Number of protein chains: 4
Amino acid sequence: MTPVEAEKAPAASTAADRRAARAEARREEILDAAQRIFAVKGYHEAGIADIATELGIGHGTFYRYFANKQDIAAQVLERAIMQIAAALADEDPTASSTVDEYREQTRRIMFSMFELLDARPEAFNLLHVQSLAIDVEALHTSFEAYSGYTEKFLENGVEKGFLRQDMDVEITAQALVGLIFEGTRRAIAEDAARETWTRWIEAGVALMFDGVSG
Amino acid sequence: MTPVEAEKAPAASTAADRRAARAEARREEILDAAQRIFAVKGYHEAGIADIATELGIGHGTFYRYFANKQDIAAQVLERAIMQIAAALADEDPTASSTVDEYREQTRRIMFSMFELLDARPEAFNLLHVQSLAIDVEALHTSFEAYSGYTEKFLENGVEKGFLRQDMDVEITAQALVGLIFEGTRRAIAEDAARETWTRWIEAGVALMFDGVSG
Amino acid sequence: MTPVEAEKAPAASTAADRRAARAEARREEILDAAQRIFAVKGYHEAGIADIATELGIGHGTFYRYFANKQDIAAQVLERAIMQIAAALADEDPTASSTVDEYREQTRRIMFSMFELLDARPEAFNLLHVQSLAIDVEALHTSFEAYSGYTEKFLENGVEKGFLRQDMDVEITAQALVGLIFEGTRRAIAEDAARETWTRWIEAGVALMFDGVSG
Amino acid sequence: MTPVEAEKAPAASTAADRRAARAEARREEILDAAQRIFAVKGYHEAGIADIATELGIGHGTFYRYFANKQDIAAQVLERAIMQIAAALADEDPTASSTVDEYREQTRRIMFSMFELLDARPEAFNLLHVQSLAIDVEALHTSFEAYSGYTEKFLENGVEKGFLRQDMDVEITAQALVGLIFEGTRRAIAEDAARETWTRWIEAGVALMFDGVSG
DNA sequence: AATGAATGAGTCTTCATTCAT
DNA sequence: AATGAATGAAGACTCATTCAT
């Protein structure tokens, strides 16, 4: 390789890289705009034109990055599900060894859910309100993933003996997911204050660990 | 009043009554058809034409009974919510005096939910899948009603001393509604077998009354 | 049947008939307009909007009568092919018994083609210019039909002995169709005068019956 | 002119020549690709993108060589017409002195048409199927050229006395062109076997020289 | 000279709603 | 009271063409 070639090669590669990076950035921009638009207007009421206008780009540009409306919607939804999943991923399902540790872990998980809800309300709006219009299957799959993850925590507790031994781990995990999501659903619907979070976390943890019995 | 009038008046009134009854019956027919269609095709995919065709009536006739698509959808949804509410109404929130009685009552309530789900899957489909497309507000209102009703059961237990005294009754009721609806949501989505119901009822009751702690 | 029913029944049937007749008339109107538009602007340049505007009806009305653009185009083309075929159908393939009779018959056929071309130039424009854009297959099928029909005349002549005995009837028929259609093609393209028709008919008949040899 | 300039000038001119040659070669490549694409997909269905992709060049590059889609289509069509014309140009319109010589000449011409059709089916597809979408006028002009050329052969025969003296040379030439093109049209449409060629040539020549009379 | 990202005019098609019969 | 023909707003999507790099 001559010095000239040595200089050219990286340059060319950088140019191509830059282009790819730009394209990816633009794709991300459109995805963001779409998430906003879908969250505000809803999947069906939102038009491709709305997304394009939001970004000040032409309609056609949109179609350079996404095949069609359904395509971007699915990607937006998937991203929202991933963002939420990421908030849960910090916790290790096998970390707790006592009820109190697990109780504390649960508090943290619920808290990060509410934090995320504050930071990215659109992500939850997508999940709660738009997902059905976009792809019913995707919603179900994501709930499956969340409950599967929750199951691991419960299994850990049962194995280590600090949770009820006769627990139907699978169903209980599903029920707990329902419980948590109802919390976030209401928080969005009612535009809940931070104080309400605390009540949900405390009441939720109390219900989950102690039940309603006196 | 002449004898002639005396005869006519009741006759006329009966004719009007019959007409009104007929109209009401037709309205109900259309509502039924719409519920089926919405449940099968979804709110947005379903057209007025589908409903009219299902009944063998003209499109125009539809508009003699309902103002527009949104109108009938709202009524269909409201009806579905009422049908589900009716299944709960059999139980008296103040009936239980011991934990075991309430536990039994809760079992019955959950069981009737699953029975209703078997009898009227469209009602639940409407609630779970279509409601968001039709009227987000209505869904929230209905959840509000369900949780308000559940609250009464909890309050009764707290007052009578057989439920946890420090319970956040409002939030706990909301959480329990979320839990139950997740159960029905999954039952519909997965077309669950009767056996799964039992697991849900048992695991749900266990979680609710005893919590997960060992 | 009571007298009342007797009166009603026909009346009802007439009302339905009238509606069907109106629909058919409208369908025909749209078909006519489409033929004009397609002939003037060409299949691809013509829009549904052009057809609707031509008739002063809404775009949507068009779709009550035809499934889509391709649908009406196919029907327009089929109609044009039928109109041209009708002009030929007057002649009986087995009528001639001598060369002179057949020669006269051929003259008449060619003449009616030119007459039709004068009366319905759009029909020929459709066939010659638009057909390929609409449905290549349809054009080929129609040529097949025309040459099949021509074949019958030639067979008749060969059987009766007044036409060349060693003739390849099939191919010759195809060639003659090509010859005639080139005549009409040019007549349209050049907006030919009536005098040109006569030259085509005479030269065509001479070529067909006597060939070019001296 | 300094010696240096003397050396540079020719070098520059050669470089420019090479560049021009390269440009011409590229132009030809694009033209070839376009001919293939138009023949396969049709003028309207084919996109500039298809042509660019076929060659692995950018869309923009296309526009350095052709003004627009219509432009290249016209050139492709013109080239096809020229290619077909070239196949005819081998024959001298004044070469024949007897009917038999002309008959033989005609056979050769028809044969070379079928040979060309075998070698360059796209050229004929362009002419028969795409030309109308591209430029109706061009098609007519080319037919004009073909018939003008045919006319020369006929005139030669009439002058030399071996063809019918009362022939309408102009119209007859046009009719013969129609006859031949119908042959090639069918050959393409039906993907005709080589055997069919012979039948067309024989039947065509027989019809042309002897007519159908017995 | 080559590229390909950006553009937006243009088109078909759907469907809720109205209204004359 | 019932009908269904007519309507046109609305929206997704394509593709020839331009132009900055």
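Owing to the predicted nature of the structure, the values given are computational and were not obtained by experimental measurement. Here is how names work: the chains are called A, B, and so on, in the same order as the sequence lines, proteins then strands, and each is numbered from 1.
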For atom CD1 of A:I48 and atom C1' of E:dT11, their distance in whole Å: 17 Å
Rounded to whole Å, CZ of C:R22 lies from P of E:dT21 at a distance of 9 Å
Rounded to the nearest 0.5 angstrom, the CG-CZ distance for D:L31 and D:R36 is 11.0 Å
Rounded to whole angstroms, how far apart are NE2 on A:H44 and C1' on E:dT14? 13 Å
Rounded to whole Å, how long is the line connecting atom NZ of C:K69 with atom P of F:dC13? 19 Å
Can you give me the dot-bracket string for DNA chain E, 5' to 3', counting Watson-Crick and G-U wobble pairs with both distances under 3.5 Å, using [ ] for crossing pairs and | for partners on another strand? .||||||||||||||||||||
How are the rings of C:F38 and C:Y43 set to each other: parallel, tilted or perpendicular (split at 30° and 60°)? tilted
Flag the pair B:R79 and B:D32 as a salt bridge only when some basic side-chain nitrogen lies within less than 4.0 angstrom of an acidic carboxylate oxygen. yes
Between E:dT17 (C1') and B:I72 (CD1): distance, integer Å: 14 Å
A:K41 has an atom NZ; how far is it from atom C1' of F:dG11, in whole Å? 12 Å
Distance, rounded to the nearest Å, where D:L55 contributes CG and E:dG4 contributes C1': 16 Å
Earlier contact from the 5' end, DNA chain E, for B:A49 and D:G56: D:G56
Write down the atom of D:Q35, the atom of D:A80, and the distance for their closest heavy-atom approach. NE2-CB, 4.0 Å
Indicate whether OP1 or OP2 belonging to F:dT3 is found under 4.0 Å from a side-chain N or O atom of B:Y63. no
If you find the nucleotide of DNA chain F closest to D:A46 and the one closest to C:R19, which residue's nucleotide is nearer the 5' end? C:R19
Between E:dA5, E:dA2, F:dA6, which nucleotide gets closest to the side-chain atoms of C:R64? F:dA6
Which atoms form the tightest heavy-atom contact between D:D135 and D:L77, and what is the distance? O-CD2, 4.3 Å
Whole angstrom value for the distance that separates C1' of E:dT14 from CG of C:D71: 16 Å
Are the side chain of D:S142 and the backbone of D:L139 linked by a donor-acceptor contact shorter than 3.5 Å? yes
Closest to the C:R26 side chain, choosing from F:dT3, E:dA2, F:dA6: F:dA6
Considering only heavy side-chain atoms of C:H59, the closest of E:dA1, F:dG8, F:dA12 is F:dG8
Both A:T61 and C:G47 contact DNA chain E. Which one's nearest nucleotide lies toward the 5' end? A:T61
So, is B:Y65 near the phosphate of F:dA1, with a side-chain N or O under 4.0 Å from OP1 or OP2? no
In short, A:Q130 meets A:A39 closest at the heavy-atom pair NE2-O, 4.4 Å
